[in-house]
There are 2 protein chains.
Amino acid sequence: MTEAHIQDAINRLKDTGVRITPQRHAILEYLIVSMTHPTADEIYKSLEHKFPNMSVATVYNNLRVFKKTGLVKELTYGDSSSRFDFVSSEHYHMICNSCGKIVDFHYPGLDEVESLAEQVTGFQVDGHRMEVYGTCPECQKQNKQLKS
Amino acid sequence: MTEAHIQDAINRLKDTGVRITPQRHAILEYLIVSMTHPTADEIYKSLEHKFPNMSVATVYNNLRVFKKTGLVKELTYGDSSSRFDFVSSEHYHMICNSCGKIVDFHYPGLDEVESLAEQVTGFQVDGHRMEVYGTCPECQKQNKQLKS
DNA sequence: AATATAATTATAACAATTTTAATTTAATAA
DNA sequence: TTATTAAATTAAAATTGTTATAATTATATT
């Protein structure tokens, strides 16, 4: 499954005329197989044993390249560092206010909102972003324990 | 109108035991009367003639105070600096991809999404955030001119 | 007026990200 | 293959937004 995703992604890059360097392959692979929403630094740290002299700049550079082709989305999350999400299919994010965990969830779509916004503002709409915030099951348990 | 808003806000602060210093008053007033979504630095720059020796830290400090009382929301916008929004009533933001302009718009509410997310993820939901991205009327015109 | 508390200032520190310039690598054409 | 060109990577410095610290000043309370 993930193998196919990786191939897809690489083909899409090739089609856009982007060279597939070992570093790019590794960053992309990490984004896909890890199934997480890593920060640039997390990616860097988990690949530095494989590429001992890769620089952080490379990670940032390539994440930007991936963003331009639409393979990856940047999630800007409050004060701290951005997280990067491989876009396999449309989904939204549920974020835990107390531990920061990000969980994907699907929702039929907010096309209605887009068209209303278009009418009201006169903008030409490209897309939207939504996140739901709350407390994850684990943190809920912990909070209860603390109170009792 | 805005006068009333300012008074409301100040009363709310007083009730929470927050002192109304000249700097706080000015920052709050700027947020309300300017009707924009300024960055901390924009606020700082537009007040430094009035308070020649105010520091940026004061702006950040007080924005944080306002955030805690719920008077102000922080909008973390991509790479660059946060913008701050005085919360008069529930609304969403429409953001221009080419010039960065932010326009408010109202939408009945996304409670549905929240309750679905709650069921699917098991999180206890606090709230959500949504932004719609697109091109503002002005930038649409400019783009057309460039093409012709 | 004296004391305690909180807010402001100025500066330094910090972390995340970007820029720069030099070097290396890969792709293309002769 | 070799030479040429373009693109990607590296390392380091620079920038940016924000926060922490300590000293000073203002405000409120007794």
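Note that the coordinates shown come from a computational prediction; the quantities given were computed from them, not determined experimentally. Note that these values count all heavy atoms, side chains included, but never hydrogens, waters or copies made by symmetry. A, B, ... follow the sequence lines: proteins, then strands. Residue 1 opens every chain.
Between B:L13 and B:R24 there is no side-chain heavy-atom pair separated by less than 4.5 Å. Between A:H93 and A:V132, the closest side-chain pair of non-hydrogen atoms is not below 4.5 Å. A:V33 places a side-chain heavy atom less than 4.5 Å from the side chain of A:I6.
Rounded to whole angstrom, the span from the CD1 atom of A:I27 across to the C1' atom of D:dA8 amounts to 11 Å. Atoms CZ (B:F66) and P (C:dA7) sit 11 Å apart, rounded to a whole Å. As a whole-Å value, the separation of A:F84 CZ from C:dA16 P is 12 Å. Between A:Y60 atom OH and C:dA15 atom C1' there is a gap of 9 Å when expressed in whole angstrom units. Spacing between atom CG of A:N62 and atom P of C:dT17 amounts to 15 Å, rounded to whole angstrom units. Protein atom CG of A:N53 is 14 Å distant from nucleotide atom C1' of D:dA8, rounded to whole Å. In this structure, A:R24 places its CZ atom 8 Å from C1' of D:dA7, rounding to the nearest Å. When rounded to the nearest whole Å, the span between CZ of A:R64 and P of C:dT17 equals 11 Å.
Within the model, atoms CZ of B:F105 and CD of B:E131 stand 9.5 Å from one another, a figure rounded to the nearest 0.5 Å. Put simply, CG on A:L47 and OH on A:Y44 are 10.5 Å apart, with the number rounded to the nearest 0.5 Å. Atom CE of B:M130 is separated from atom CE of B:M94 by 10.0 Å, given to the nearest 0.5 angstrom.
Residue A:S55 places no side-chain N or O under 4.0 Å from the OP1 or OP2 atom of D:dA11.
Between A:K45 and A:D41 there is a salt bridge, since a side-chain N of the basic residue sits under 4.0 Å from a carboxylate O of the acidic one.
Shown for residues 8-22 of chain A: residues whose heavy atoms fall under 4.0 angstrom of DNA chain D, namely A:R19, A:T21.
Comparing D:dT10, C:dT9, D:dT19 by their nearest atom to the side chain of A:Q23 picks out D:dT10. Of the candidate nucleotides D:dT10, C:dA16, C:dT8, C:dT8 has the atom nearest to the side chain of B:N61.
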